[in-house]
Amino acid sequence: MAVALAVAAERPAHVAGEIEPALAAGKVVISDRYLPSLLVLQRLDGLPLAEIWSYNAFAPRPFLTVCWRRIPRSSRCG
């Protein structure tokens, strides 16, 4: 839980200092420190989903989420 709270505590500064100014300037923002990755990592740490959402309820939702899937070497063709 300590890591989840630390990440959530840092998020307002990240949003206000980096994401919002870039969006206001018409830029595209790509971030790996955002809700989808946070949800996965903190669920793997055993936190309940509702608890994770409660820590991050204020964060703006992403417009687009891209998930990369690594294909195991033994499953690759060629």
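In what follows, every heavy atom counts, from backbone to side chain, and hydrogens, waters and symmetry copies are set aside.
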>> Please give me the minimum heavy-atom distance between N56 and R11, naming the atom from each residue.
In response: OD1-NE, 3.1 Å
> With the 4.5 Å side-chain cut-off for hydrophobic clustering, are V40 and L5 part of the same group?
Replying inline: no
> Which heavy atom of P21 sits nearest a heavy atom of A16, and at what distance?
Replying inline: CD-O, 3.2 Å
> For I30, which residues count as a side chain to side chain contact (heavy atoms under 4.5 Å, CB included) partner, sequence neighbours excluded?
Replying inline: V28
> Are W53 and Y55 linked, directly or through other ILVMFWY residues, by side chains that come within less than 4.5 angstrom of each other?
Replying inline: yes
> What residues, two or more places apart in sequence or in another chain, satisfy side chain to side chain contact (heavy atoms under 4.5 Å, CB included) together with L47?
Replying inline: M1, A4, Q42, E51, I52
>> Looking at every non-hydrogen atom in both residues, tell me the closest pair between A22 and V29 and how far apart they are.
In response: CB-CG2, 3.6 Å
